[in-house]
There are 2 protein chains.
Amino acid sequence: MTSANQIKKTGNIRAKSKVKILTAARTEFVLQGYRGATVQSIADRAELPKANILYYFKNKENIYHAVLEHTLEMWDEGIGDIEANEGPKVAIEKFIAAKVRMSFKHPEASKIYAMEIIQGAQHLKDYARTYQRQWVREKAKLFQQWIDSGEMVNVDPVHLIFLIWSATQHYADFETQILTIMNRADFEEDDVEQVIAFLCDIILRGCGLI
Amino acid sequence: MTSANQIKKTGNIRAKSKVKILTAARTEFVLQGYRGATVQSIADRAELPKANILYYFKNKENIYHAVLEHTLEMWDEGIGDIEANEGPKVAIEKFIAAKVRMSFKHPEASKIYAMEIIQGAQHLKDYARTYQRQWVREKAKLFQQWIDSGEMVNVDPVHLIFLIWSATQHYADFETQILTIMNRADFEEDDVEQVIAFLCDIILRGCGLI
DNA sequence: TGGCCACCTGACTAGCTGGTTAATAATAAA
DNA sequence: TTTATTATTAACCAGCTAGTCAGGTGGCCA
């Protein structure tokens, strides 16, 4: 066994335990909130002794930070982007589809993010102030160009982004409500595509792109 | 002083204290979540001794229930309805405007509701299952009639309701994020009307009503 | 005057909280 | 094998939690 393999193996125990803990923690934080999720409840869900949790993460806040970071990374990766060179119709379609798919696939990620924002974004102020604000400005500029060139109707680009965000994430954050109203136990494959079709249809028409 | 006056006066002390407590409690529940909000923190915010809080509400869960009830009542009152006899354009316009105004005026109400749903709607299952499901069915039927009579394009009525809900409540639930991205300290009067105009514009066009 | 009742609250408690420690086991390196 | 590092966990603790309780206060009516 080479030195590299050993390091890898050692790292694997750490990595595996951490993933196990973070998965359990994410669920607990979503179900109970930050204060409601106890280190003990996370330990129980991860099937590890409490002290083991605190061996890998110095304290509860560190666990939460790690969960939040992990979640944002995953979300940003999965969403892709709004591409300039494809024209507004394809760009918006692709963006809506990616966001809806993420919402149905990883509702917990969206939920934990939503709760953080609702409660005042104490742990995410910097994220919104730097990364997110920059992203919105760039994309708004792009939409404005499409508007100026007559490729889409004159709608406020920033509010358009908010609309797409809210409409897509709604299916993750409010899944309980939606399932209850639709009298369903779970979502199915078809639902995802139906939601994508609906949102693309109405938003693209709203932007004068159909 | 008549007996009626005494009852009224006695009731007033109760009512006043309860309102004071519920107002403080709502803020604490939004900021800290159910478990994070302690009876002590509610007492501090209401500027009353903790034991006084528990004199008016038997326990913490009762406070939460009262907050939730109070909130839902207020929300339902303020939103009005989707009226059948006005035609789709006016009906949707009025509904969007009312929801946006409520979101800007009482963001805490929307937030506490959102947190409850995100965490699994443990205290609201019945509300969604009976009242809300019924409401959605009625309104969906109405939209379907407008679609069938060619007054609006063929979009899924239920998902249209979800879209309006999400887009309007977004300004309450995610106000922190929106303010940060827009680089603002607070919303102003103009913002409300601008959001209403934007959402009406894009959604009505999306429904083929412009 | 004295009894009634709504209101108020300091002091208390049992149980849970996040977090520490110290002793042990497993694994890798020499 | 020996040694060093990493991983594991029972036992413990100080502080906070929701909730109780007993002893008040003050207003009103007979």
Side-chain angles (χ1 to χ4, degrees), chain A residues 1-29 31-68 119 122-123, chain B residues 1-29 31-68 119 122-123:
Chain A
M1 198 174 275
T2 70
S3 169
N5 270 341
Q6 280 155 20
I7 289 164
K8 203 180 162 192
K9 203 174 180 185
T10 309
N12 268 345
I13 295 178
R14 264 200 111 70
K16 271 191 185 176
S17 289
K18 281 200 165 192
V19 167
K20 207 171 169 184
I21 293 166
L22 288 177
T23 305
R26 188 172 53 217
T27 305
E28 280 300 310
F29 283 130
L31 289 175
Q32 313 288 346
Y34 177 76
R35 283 285 285 279
T38 66
V39 179
Q40 187 61 62
S41 73
I42 294 168
D44 290 348
R45 190 174 289 273
E47 292 180 300
L48 291 171
K50 190 183 73 163
N52 196 282
I53 308 285
L54 291 161
Y55 167 71
Y56 282 107
F57 296 90
K58 291 260 169 301
N59 54 45
K60 186 177 161 179
E61 228 201 316
N62 271 6
I63 306 176
Y64 185 68
H65 264 106
V67 166
L68 220 50
Q119 297 198 355
Q122 307 262 339
H123 305 83
Chain B
M1 198 173 273
T2 68
S3 169
N5 270 340
Q6 279 155 19
I7 290 165
K8 202 182 164 191
K9 204 176 181 183
T10 310
N12 268 346
I13 295 178
R14 260 199 116 69
K16 271 191 185 175
S17 288
K18 280 200 166 194
V19 167
K20 208 172 170 185
I21 293 166
L22 288 178
T23 306
R26 187 172 54 218
T27 305
E28 280 300 310
F29 283 131
L31 289 175
Q32 313 288 344
Y34 178 76
R35 281 287 284 278
T38 65
V39 179
Q40 186 62 62
S41 73
I42 293 168
D44 290 349
R45 188 174 289 273
E47 292 179 302
L48 290 170
K50 189 184 75 162
N52 195 266
I53 307 286
L54 292 162
Y55 168 71
Y56 282 107
F57 297 91
K58 290 263 168 299
N59 54 44
K60 186 176 162 181
E61 230 202 314
N62 271 5
I63 306 176
Y64 184 69
H65 264 106
V67 166
L68 220 51
Q119 296 196 354
Q122 307 260 338
H123 305 83

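Computed from a predicted model, the values in this text were never measured in an experiment. Residue numbers start from 1 in every chain, and the chains themselves are labelled A, B, ... in the order their sequence lines are given, proteins ahead of strands.
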Undergrad: If I take atom CG in residue B:Asn52 and atom C1' in nucleotide D:dT20, what distance separates them, rounded to the nearest angstrom?
TA: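 Rounding to the nearest Å, CG of B:Asn52 and C1' of D:dT20 are 15 Å apart.
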Undergrad: Measure the spacing between NE2 of B:His123 and OH of B:Tyr34 and express it to the nearest 0.5 Å.
TA: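 Taking NE2 in B:His123 and OH in B:Tyr34, the distance rounds to 6.0 Å.
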Undergrad: Apply side-chain hydrogen bond (donor to acceptor under 3.5 Å, both in side chains) to A:Thr38 and list each qualifying residue two or more places apart in sequence or on a separate chain.
TA: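 Result, side-chain hydrogen bond (donor to acceptor under 3.5 Å, both in side chains) vs A:Thr38: A:Ser41.
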Undergrad: Please determine whether side-chain contact (heavy atoms from CB on, under 4.5 Å) holds for the pair B:Asn62 and B:Asn59, giving the CA-CA distance in whole Å, both sets of side-chain angles, and the decisive distance to 0.1 Å.
TA: CA-CA 5 Å; B:Asn62 271 5; B:Asn59 54 44; 3.5 Å; yes
Undergrad: In whole angstrom, give the distance that lies between atom CG of A:Asn62 and atom P of C:dG18.
TA: 14 Å
Undergrad: Which value, rounded to the nearest 0.5 Å, describes the distance between B:Arg45 atom CZ and B:Ile53 atom CD1?
TA: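 One gets 12.0 Å once the value is rounded to the nearest 0.5 Å.
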Undergrad: Would you please confirm or rule out a distance under 4.0 Å between OP1 or OP2 of D:dA7 and any side-chain N or O of A:Tyr55?
TA: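 The answer is yes; a side-chain N or O of A:Tyr55 sits under 4.0 Å from OP1 or OP2.
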Undergrad: From the set C:dC8, C:dC7, D:dT8, return the single nucleotide nearest to any side-chain atom of B:Arg14.
TA: C:dC7
Undergrad: Any side-chain heavy atom of B:Ile63 sitting closer than 4.5 Å to one from B:Tyr56?
TA: no
Undergrad: Between B:Lys60 (side chain only) and B:Ala37 (backbone N and O only), is there a donor and an acceptor less than 3.5 Å apart?
TA: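 At least one qualifying donor-acceptor pair exists.
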Undergrad: For a side-chain contact (heavy atoms from CB on, under 4.5 Å) check, start with the C-alpha distance between B:Phe57 and B:Leu22, then their side-chain angles and the critical distance, and finish with the verdict.
TA: CA-CA 10 Å; B:Phe57 297 91; B:Leu22 288 178; 3.8 Å; yes
Undergrad: Round to the nearest Å and state the distance from A:Asn12 atom CG to C:dT27 atom C1'.
TA: 14 Å
Undergrad: Which part of the nucleic acid does B:Tyr56 contact within heavy-atom distance under 4.0 Å: base, sugar-phosphate only, or nothing?
TA: sugar-phosphate
Undergrad: Whole-Å distance between C:dG18 P and A:Glu28 CD?
TA: 11 Å
Undergrad: Rounded to the nearest angstrom, tell me the gap between atom CD1 in A:Ile63 and atom C1' in C:dT17.
TA: 13 Å
Undergrad: Report each atom pair, protein N/O against N/O of nucleotides 21-23 of chain D, whose distance is under 3.5 angstrom.
TA:
none

Undergrad: Are A:Glu61 and A:His65 close enough that some pair of their side-chain heavy atoms sits under 4.5 Å apart?
TA: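 Answer yes - side chains close enough.
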Undergrad: List the atom of B:Pro49, the atom of B:Ala43, and the distance in Å for their closest heavy-atom pair.
TA: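 Of all heavy-atom pairs spanning B:Pro49 and B:Ala43, the closest is C-CB, 4.1 Å.
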Undergrad: Find the distance A:Tyr64:OH to C:dG19:P and express it as a whole number of Å.
TA: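 Distance, rounded to whole Å: 15 Å.
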Undergrad: Please tabulate, one pair per line, each protein N/O and nucleotide N/O from nucleotides 13-19 of chain D that are separated by under 3.5 Å, including the distance.
TA:
| unit_1 | atom_1 | unit_2 | atom_2 | d |
| --- | --- | --- | --- | --- |
| D:dT17 | OP1 | A:Arg35 | NH2 | 3.2 |
| D:dA18 | OP1 | B:Val39 | N | 3.4 |
| D:dA18 | OP1 | B:Lys60 | NZ | 3.2 |
| D:dA18 | OP2 | B:Val39 | N | 3.1 |
| D:dA18 | N7 | B:Lys50 | NZ | 3.1 |
| D:dG19 | OP2 | B:Lys60 | N | 2.6 |
| D:dG19 | N7 | B:Lys50 | NZ | 3.1 |
| D:dG19 | O6 | B:Lys50 | NZ | 2.7 |

Undergrad: For B:Leu48 and C:dC8, give me the distance from atom CG to atom P, rounded to whole Å.
TA: 8 Å
Undergrad: Output the rounded distance in Å from CD1 (B:Ile13) to P (D:dT25).
TA: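 Checked: the CD1 to P distance equals 18 Å.
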